[in-house]
*Asks:* 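To start, I am sharing the structure in question, which I have written as structure tokens.
Per chain, numbering begins at 1; letters A, B, ... match sequence-line order.
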Amino acid sequence: MFYSKLGLTTIKENPSDAEIISHQLMLRAGLIRKLSAGLYTWMPIGLRVLRKVENIVREEMNNAGAQELLMPAVQPSSLWEESGRWNEYGSLLLRIKDRHNRDYCFGPTHEEVITDIARKELRSHKQLPLNFYQIQTKFRDEIRPRFGVMRAREFLMKDAYSFHLDQDSLEQGYNLMHETYSKAFERMGLEFRVVDADSGEIGGNRSQEFHVIADSGEDAIAYCDEENYAANIELTPTLKSQAKIVKSKKRKEKKHTPNTKDIASLCKLLKVEPKDTVKTLLLKGEKKPIAVVLRGDHQLNIIKAAKISGISLPVTMADEKEIKKSTGYDFGYIGPIDLGLEIYYDHAVAEMPSLICGANEKDYHFVDANFSDDLGNPDTIDLRNAEVGDPSPNGRGKLSVARGIEVGHIFQLGTKYSQALKASVQDDSGKDVPLSMGCYGIGISRIVAAAIEQNHDESGIIWPENIAPYKVIIIPINMHKSKKVETAALDLYEFLKNQNIEVLFDDRKIRPGIQFADAELIGIPIRIVISEKGITNNQIEFRSRISQDSEMLSREEAIKRIIS
RNA sequence: CGGGGCGUAGCGCAGUCUGGUAGCGCACCACAAUGGGGUUGUGGGGGUCGUGAGUUCAAAUCUCGCCGCCCCGACCA
């Protein structure tokens with residue numbers, strides 16, 4: 001392809017609204033252009049990358065025996081009402097009406113549609129197992145779309161759904177997808193990790209996420225290398241300490257602590273660390289608020305809190321007014337002693353030799369309170385987020401934390417949708433059995449951004465070879481001045497094209513500096529420079545985007561290196 | 001949704017407080033010089049100042065409405 005035909009414009013300055021590197025580089029390199037919040041046009045170069053990713057996924061899915069189909073992007077409300085998600089899914093669902101005022105949505109996912117297909121098409125266990133997939137544009141009306149295509153509203157996703165007679169078969173199908181995903185991400189040249197995950201609103205049993213490791217990732221992953229344990233931090237259990245607790249001999253004492261509504265100011269006043277304090281959080285409950293008590297430096301884990309019986313979902317903090325109303329006490333000075341509400345304690349609170357807590361009296365805290373003497377040594381539960389250095393849940397080694405970008409998610413759904421939508425087959429005894437289902441997603445468009453997050457330098461993108469828009473870029477130096485350069489460059493271009501090498505030819509009449517800078521920004525893996533000087537010596541310059549080393553090679557050697 | 005910010009040329013911004021000919025850098029076009037790392041000079045094209053109403057002799061600038069975009073949002077008890 002000739003560069004001049006791409007309609008490509010690169011940008012030297014960073015657009016002001018791009019926060020993360022992949023978003024900046026995608027805009028600067030002309031891969032995408034924004035139409036509106038969370039809506040992007042894929043420009044020719046960007047689309048080439050998108051298609052590469054898509055095709056790797058498609059090939060691996062096909063290899064695994066999955067069947068591609070294509071479902072409508074727009075779906076009738078009736079199916080969603082049947083599954084119960086028309087209300088459950090909330091405002092992520094983009095609802096639209098047709099001319100007859102009938103309700104539709106732009107599909108954020110396709111469990112309902114595929115289950116509808118299954119119930120209409122599948123009659124016998126002999127048709128199972130099956131895996132259908134599609135690569136389709138989805139729309140989720142995100143609260144806050146951001147980071148370009150990373151969290152866009154409209155995005156391209158591969159979603160697959162498998163159907164099984166029983167759990168055993170589902171597990172086989174699930175494991176096959178696990179393998180398939182690993183192969184696909186390996187082919188894309190991405191460093192990734194598979195982690196245990198929450199199945200969220202899709203529902204179901206087992207679920208794992210595939211994360212591309214990158215500092216800008218939205219999810220924190222806790223992992224233990226010793227035992228190959230990895231889980232989304234939201235889901236990582238924290239353990240009750242087995243160590244013997246040395247309890248402080250001091251007796252609790254009430255201290256005057258004005259203007260210390262938060263942990264930071266309390267610590268400053270008393271000259272202590274947050275880990276010496278506890279915080280008492282009031283969460284909305286079905287009847288009265290429910291108190292949870294955590295060490296001052298720990299963070300409440302919402303998923304864990306959601307399991308407390310009687311709690312209102314989604315988990316929300318009670319506000320100042322509600323606190324006053326339900327306890328009679330003041331915001332900022334709530335503590336577990338004589339609170340008069342149901343209280344849940346995190347494991348770590350029991351391990352504190354003494355603790356500092358609100359005294360349920362404005363401007364007063366207790367210091368040197370004691371878990372057994374003053375709180376009555378209650379049972380504790382797991383309520384907090386795991387942290388770096390916590391013991392690994394498998395009992396061996398300590399946890400580290402990395403950030404990751406979720407690019408794939410596999411679920412064992414079980415029979416949630418097949419029961420709701422009455423999709424069943426007859427087993428070999430003639431009995432109707434609801435289908436066991438798995439579902440498996442890959443964020444195709446997000447992968448493009450994730451790949452950039454993981455592969456870039458100051459000059460621009462460094463594409464892994466298998467997803468690069470072009471493999472080679474030929475840069476002739478001052479071609480318009482030198483017939484020799486033009487002939488040699490075009491000759492090599494034609495040759496490589498005939499070898500089915502994806503090659504970009506920079507035919508622009510501009511200074512070499514700009515050509516080099518653009519080639520690096522766009523991230524083409526191999527750069528070939530053809531110049532008057534080189535031709536005289538029978539040499540051309542070969543340079544890899546990764547190593548940045550230039551080598552002068554003969555035409556034959558260069559071709560060999562490109563093709564290999 | 002709550003809080004904050006922004007909307008002026010393709011991009012990045014100044015001008016708004018204090019109303020009076022719409023500017024700068026990059027990009028773009030032409031010419032010339034230069035010719036292996038975003039070169040230089042000269043000349044040029046391009047803007048309903050987000051939008052609607054109001055105030056005024058006069059509005060990018062003041063007032064009100066609307067729209068759009070961006071950032072932050074349990075971690076406070």
*Asks:* At less than 4.0 Å, is any side-chain N or O atom of A:Thr9 found next to OP1 or OP2 of B:A27? Yes or no.
*Replies:* no
*Asks:* If I pick the C1' atom on B:G7 and the same atom on B:U51, what distance separates them, to the nearest angstrom?
*Replies:* 11 Å
*Asks:* Pick base, sugar-phosphate or nothing for A:Tyr329, based on heavy-atom distances below 4.0 Å to the nucleic acid.
*Replies:* nothing
*Asks:* Taking B:G10 as the reference, what is the distance to B:G47 when you measure between their P atoms (whole Å, please)?
*Replies:* 8 Å
*Asks:* If you only use heavy atoms from C-beta on, which nucleotide in B:A74, B:G36, B:G12 is closest to the side chain of A:Pro15?
*Replies:* B:G12
*Asks:* Please report the distance, rounded to the nearest Å, between CG in A:Asp17 and P in B:G10.
*Replies:* 15 Å
*Asks:* Could you state the CD1-P distance from A:Ile263 to B:C75, rounded to the nearest angstrom?
*Replies:* 12 Å
*Asks:* Using whole Å, what does the distance between atom P of nucleotide B:G38 and atom CD1 of A:Ile510 come to?
*Replies:* 12 Å
*Asks:* Between A:Leu92 (CG) and B:C1 (C1'), how many Å, whole number?
*Replies:* 13 Å
*Asks:* I'd like the P distance from B:U21 over to B:A59, given in whole Å.
*Replies:* 12 Å
*Asks:* According to the Watson-Crick and G-U wobble definitions, with both distances under 3.5 Å, which nucleotide is paired to B:C62?
*Replies:* B:G54
*Asks:* Answer with base, sugar-phosphate or nothing: what part of the nucleic acid does A:His480 contact at a heavy-atom distance below 4.0 Å?
*Replies:* base
*Asks:* Going by purine N1 to pyrimidine N3 plus the second Watson-Crick contact, or the G-U wobble pair, all under 3.5 Å, which nucleotide sits opposite B:U39?
*Replies:* B:A33
*Asks:* As a test of reading the structure: which of B:C72, B:G38, B:G36 is closest to the side chain of A:Arg146, going by heavy atoms?
*Replies:* B:C72
*Asks:* Pick the P atom in B:C28 and in B:C67, then give their distance to the nearest Å.
*Replies:* 38 Å
*Asks:* Students often get this wrong, so: under 4.0 angstrom with heavy atoms, is A:Ile334 touching a base, only sugar-phosphate, or nothing?
*Replies:* sugar-phosphate
*Asks:* Do A:Glu557 and A:Lys560 meet the salt-bridge criterion of a basic N to acidic O distance under 4.0 Å?
*Replies:* no
*Asks:* Just checking A:Ile143: base, sugar-phosphate only, or nothing, at a heavy-atom cut-off of under 4.0 Å?
*Replies:* base
*Asks:* Atom CD1 in A:Ile522, atom CD1 in A:Ile462: separation rounded to 0.5 Å?
*Replies:* 14.0 Å
*Asks:* Would you call the rings of A:Tyr493 and A:Phe2 parallel, tilted or perpendicular if under 30° counts as parallel and over 60° as perpendicular?
*Replies:* tilted
*Asks:* In whole angstrom, give me the gap between the P atoms of B:A58 and B:C1.
*Replies:* 38 Å
*Asks:* Rounding to a whole Å, what distance do you find between A:Glu541:CD and B:G37:C1'?
*Replies:* 11 Å
*Asks:* Ignoring hydrogens and geometry beyond distance, is the side chain of A:Arg527 in donor-acceptor contact with the base of B:G37 at under 3.5 Å?
*Replies:* yes
*Asks:* In terms of ring plane angle, is the pair A:Phe371 and A:Tyr345 parallel, tilted or perpendicular, where the classes change at 30° and 60°?
*Replies:* perpendicular
*Asks:* Would you please say whether a donor-acceptor pair under 3.5 Å links the side chains of A:Asp382 and A:Thr238?
*Replies:* yes
*Asks:* Provide, to the nearest angstrom, the distance between the CD atom belonging to A:Gln548 and the P atom belonging to B:G37.
*Replies:* 15 Å
*Asks:* Name the residue closer to the 5' end of RNA chain B, choosing between A:Asn478 and A:Ile11 according to the nucleotide with the nearest heavy atom.
*Replies:* A:Ile11
*Asks:* Any side-chain N or O of A:Ser16 below 4.0 angstrom from OP1/OP2 of B:C6?
*Replies:* no
*Asks:* If you measure from the Lys or Arg side-chain nitrogens to the Asp or Glu carboxylate oxygens, is any gap between A:Arg384 and A:Asp390 under 4.0 Å?
*Replies:* yes
*Asks:* Can you check the distance between B:U16 and B:C75, where both ends of the measurement are the C1' atom (answer in whole Å)?
*Replies:* 40 Å
*Asks:* Can you check whether A:Arg144 has a side-chain N or O nearer than 4.0 Å to OP1 or OP2 of B:C71?
*Replies:* yes
*Asks:* Both conditions, 6.0 Å and 45 degrees, for the charged tip of A:Arg527 above the ring of A:Phe516: are they met here?
*Replies:* yes
*Asks:* For the side chain of A:Glu13, starting at C-beta, report the closest nucleotide among B:C11, B:G68, B:A74.
*Replies:* B:C11
*Asks:* Please report the distance separating the P of B:G3 from the corresponding atom of B:A14, rounded so that it comes out in whole Å.
*Replies:* 26 Å
*Asks:* So A:Ala37, base contact, sugar-phosphate only, or nothing? Heavy-atom distance under 4.0 Å.
*Replies:* sugar-phosphate
*Asks:* Any cation-pi pair here, A:Arg561 with A:Phe542, using under 6.0 Å and within 45°?
*Replies:* yes
*Asks:* CZ of A:Arg511 versus P of B:A27: gap in Å, rounded?
*Replies:* 12 Å
*Asks:* Using atom P of each nucleotide, how far apart are B:U63 and B:G20 to the nearest Å?
*Replies:* 15 Å
*Asks:* Scan every strand shown for a Watson-Crick or G-U wobble partner of B:G10, both distances under 3.5 Å, and answer none if you come up empty.
*Replies:* B:C26
*Asks:* Given that A:Glu532 and A:Gly335 both sit by RNA chain B, which one's nearest nucleotide is further toward the 5' end?
*Replies:* A:Glu532
*Asks:* Atom CG of A:Asn360 to atom P of B:A77: distance rounded to whole Å?
*Replies:* 14 Å
*Asks:* Is the NZ or CZ atom of A:Arg48 positioned over A:Tyr470's six-membered ring, under 6.0 angstrom from the centre and within 45° of the axis?
*Replies:* yes
*Asks:* Could you check whether A:Lys533 gets within reach of a base, just the sugar-phosphate, or nothing at all, counting any heavy atom under 4.0 Å?
*Replies:* nothing
*Asks:* Go ahead and name the base partner of B:G73; Watson-Crick or wobble counts if both distances stay under 3.5 Å, otherwise write none.
*Replies:* B:C1
*Asks:* Under 4.0 Å between any heavy atoms, over every strand shown, what does A:Asp297 touch: base, sugar-phosphate, or nothing? Just pick one.
*Replies:* nothing
*Asks:* Think A:Lys34 has a side-chain N or O under 4.0 angstrom from the OP1 or OP2 of B:C70?
*Replies:* yes
*Asks:* Students often get this wrong, so: under 4.0 angstrom with heavy atoms, is A:Gln515 touching a base, only sugar-phosphate, or nothing?
*Replies:* nothing
*Asks:* Mind checking who B:G19 pairs with, Watson-Crick or G-U wobble, both distances under 3.5 Å?
*Replies:* none
*Asks:* Answer yes or no: side-chain N or O of A:Glu520 and base N or O of B:G38 forming a donor-acceptor pair under 3.5 Å.
*Replies:* no
*Asks:* Record whether the side chain of A:Arg543 comes under 3.5 Å of the base of B:G37 through a donor-acceptor pair of N or O atoms.
*Replies:* yes
